[in-house]
Amino acid sequence: MLKKIKKSKFTKKLITKAFRVLSRTPRKKNLVVFESFHGKRYSDNPRAIYEYMKENNPEYTLIWSVTKDSIPLFEEMGVPYMRRFSLKWLLNFPRAEYWVNNVRLPKWMPRPKQTTYLQTWHGTPLKKLGTDIEEVYMPGTKTNKYRKNIIAESKNWNYLIAPNAYSGEILARAFHFKGKVIESGYPRNDALQNTDPSKIEKIRKSLNIPEGKKIVLYAPTWRDDQFFKKGKYKFEFQFDIQKLKEQYGDDFVLLARMHYLVSESFDFAQYGDFIKDVSNYYDIADLYLVSDLLITDYSSVFFDYAILDRPIIFYMYDLEDYRDRLRGFYIDIEADAPGLIVKEQDELFTEIGRALTEGHHSKEQFDRFAERFCEWEDGKASERVVNEVFKK
């Protein structure tokens with residue numbers, strides 16, 4: 001009964017009204033509220049900025065907005081939090097002096113005039129986004145409505161982070177953003193400058209990776225037209241896990257990292273320790289650090305992974321459809337990809353073996369890519385962002 005009351009339309013209207021009333025009250029000076037992927041994770045750029053400020057800016061009060069399911073993680077990590085849409089949340093979120101977030105907020109949560117909103121976003125764009133998408137296939141919305149919502153949301157932002165010059169131009173245009181674009185690099189990538197072997201070994205042990213085995217990270221994105229309902233997307237593996245295990249089971253462990261919008265739970269028990277579902281692992285940066293090879297498709301993860309100068313394989317089994325119908329790309333991926341693009345399972349399996357023993361498909365092409373997209377990544381992005389946004 002209580003659960004039904006909490007989810008009722010009346011309760012939602014009450015929270016919305018309370019939020020708007022409290023947003024007009026005086027700011028809680030130096031209060032910074034962080035949120036990552038709709039309160040589901042302790043990760044990404046908000047995490048990096050939080051950890052930098054915790055170390056260097058003790059004058060600020062830092063707290064996270066989190067979902068109920070995420071509370072155990074924040075308690076385990078010792079990170080201060082408030083449950084999303086709770087009374088404590090209502091008394092703090094709309095009254096905070098600063099918001100730090102990496103995705104869009106619900107339409108009913110407009111930024112109060114006296115609050116500074118830092119939008120970090122969460123990736124260098126390969127696929128078209130925002131108002132650059134020609135036709136939207138996502139459930140629950142139409143193209144014109146989607147574009148209007150994007151523009152309305154970006155008006156709330158005071159700052160937007162650019163991981164590289166290429167992204168700064170695209171993000172500002174795609175979101176119709178008129179505020180300050182911070183040319184800093186991504187704070188979340190500061191961690192990739194620390195490749196200390198003891199840190200990597202600690203992460204390996206936490207994932208129960210057998211000694212001597214290499215690690216392959218598989219991190220695909222979602223498809224706009226494959227969904228259960230709004231905000232919940234499907235994903236089907238397009239290669240035979242059992243065959244991959246038979247060929248490479250003694251050589252490496254496969255980590256499967258699904259996009260945060262993919263709502264399926266994967267049962268890999270039949271494959272033993274060969275494949276692990278790390279979709280809910282709190283921060284993908286740790287997975288980058290321990291992986292010897294990345295396999296992806298159209299996810300922006302490869303822009304970050306390139307910082308580590310490790311091989312990447314692109315498994316783009318639906319390249320033509322994704323490029324020409326669903327999204328479209330900002331770059332010529334077939335010419336510029338920092339790794340080999342494969343479309344068939346056999347080709348994928350062969351390239352995995354080659355990459356693990358020989359490295360990059362083309363070091364020259366990889367270096368050209370890294371020079372263009374990783375130029376600002378020097379381990380000091382968090383410092384640059386904090387100095388810009390929180391200057392007094």
Side-chain angles (χ1 to χ4, degrees), residues 11-39 44-67 74 79-122 130 148-162 168 171-172 175-184 187 381-392:
T11 303
K12 289 178 181 177
K13 284 184 180 179
L14 194 64
I15 292 174
T16 300
K17 188 171 183 179
F19 184 95
R20 294 190 174 180
V21 169
L22 288 165
S23 69
R24 292 194 288 270
T25 62
R27 300 301 84 197
K28 288 195 168 185
K29 187 173 175 59
N30 288 349
L31 175 62
V32 188
V33 176
F34 297 83
E35 196 172 280
S36 178
F37 297 116
H38 308 293
D44 205 74
N45 293 310
R47 176 191 175 185
I49 294 168
Y50 163 79
E51 291 184 348
Y52 179 87
M53 292 187 71
K54 182 183 176 183
E55 184 72 23
N56 297 282
N57 301 89
E59 69 274 23
Y60 288 91
T61 301
L62 315 176
I63 192 167
W64 283 74
S65 165
V66 307
T67 62
F74 281 78
V79 176
Y81 70 89
M82 53 190 176
R83 181 177 169 181
R84 220 173 184 227
F85 312 141
S86 65
L87 179 60
K88 182 179 180 181
W89 182 92
L90 267 176
L91 293 174
N92 286 280
F93 198 105
R95 301 173 66 195
E97 190 172 4
Y98 298 92
W99 291 351
V100 180
N101 193 14
N102 67 343
V103 292
R104 291 189 291 146
L105 286 171
K107 191 177 179 180
W108 60 267
M109 290 170 56
R111 175 185 64 85
K113 288 182 179 179
Q114 294 173 304
T115 294
T116 297
Y117 186 172
L118 168 60
Q119 173 57 249
T120 73
W121 204 239
H122 52 268
K148 286 180 181 178
N149 288 342
I150 288 284
I151 294 170
E153 164 71 7
S154 69
K155 286 180 179 177
N156 288 322
W157 307 342
N158 299 101
Y159 296 94
L160 177 63
I161 293 176
L171 292 173
F175 292 130
H176 283 240
F177 177 64
K178 308 299 182 185
K180 169 75 173 180
V181 176
I182 305 174
E183 298 180 341
S184 57
S382 298
E383 180 181 350
R384 285 191 285 270
V385 170
V386 171
N387 288 343
E388 175 66 39
V389 177
F390 299 91
K391 57 191 176 186
K392 291 292 186 177

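Keep in mind that what you see is a predicted model, and the values were worked out from it rather than measured.
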Once the angle between the rings of Phe19 and Phe93 is folded into 0 to 90°, is it parallel (under 30°), tilted (30 to 60°) or perpendicular (over 60°)?
->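 Answer is tilted, since the angle falls between 30° and 60°.
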Over 60° means perpendicular and under 30° means parallel, so classify the ring planes of Phe34 and Tyr50, tilted if in between.
->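 It falls in the perpendicular class, over 60°.
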Using side-chain heavy atoms (C-beta onward) and a distance below 4.5 Å, is [X] in contact with [Y]?
{"X": "Arg47", "Y": "Trp64", "answer": "yes"}
{"X": "Asn57", "Y": "Phe390", "answer": "no"}
{"X": "Tyr117", "Y": "Asn101", "answer": "yes"}
{"X": "Val33", "Y": "Met82", "answer": "yes"}
{"X": "Glu35", "Y": "Trp99", "answer": "no"}
{"X": "Thr67", "Y": "His38", "answer": "no"}
{"X": "Leu118", "Y": "Ile49", "answer": "yes"}
{"X": "Tyr159", "Y": "Thr116", "answer": "yes"}

Please round to the nearest 0.5 Å and tell me the distance separating atom [atom1] of [X] and atom [atom2] of [Y].
{"X": "Arg24", "Y": "Arg95", "atom1": "CZ", "atom2": "CZ", "value": "13.5 Å"}
{"X": "Gln119", "Y": "Phe175", "atom1": "CD", "atom2": "CZ", "value": "7.0 Å"}
{"X": "Leu31", "Y": "Thr61", "atom1": "CG", "atom2": "OG1", "value": "6.0 Å"}
{"X": "Asn149", "Y": "Arg104", "atom1": "CG", "atom2": "CZ", "value": "6.5 Å"}
{"X": "His176", "Y": "Ile150", "atom1": "NE2", "atom2": "CD1", "value": "9.5 Å"}
{"X": "Lys113", "Y": "Arg111", "atom1": "NZ", "atom2": "CZ", "value": "9.5 Å"}

Can you establish whether the number of heavy atoms outside Glu55 located under 6.0 Å from its atom CD is more than 12?
->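 It does not: Glu55 CD has 12 such atoms or fewer within range.
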Are any side-chain N or O atoms of Arg27 and backbone N or O atoms of Glu97, one a donor and one an acceptor, separated by less than 3.5 Å?
->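 Such a contact is absent between Arg27 side chain and Glu97 backbone.
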Any donor-acceptor pair under 3.5 Å from Asn158 side chain to Gly179 backbone |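 The answer is no, because no donor-acceptor pair under 3.5 Å joins these two groups.
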Is it true that Glu388 and Arg384 have a side-chain N and a carboxylate O under 4.0 angstrom from each other?
->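 No salt bridge links Glu388 with Arg384.
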How about Trp89 and Ser65: does a side-chain donor come under 3.5 Å of a side-chain acceptor?
->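 Yes, a side-chain donor-acceptor pair sits under 3.5 Å.
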Closest contact, heavy atoms only, Ser154 versus Ile151 =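 Result for this residue pair: OG-O, 3.1 Å.
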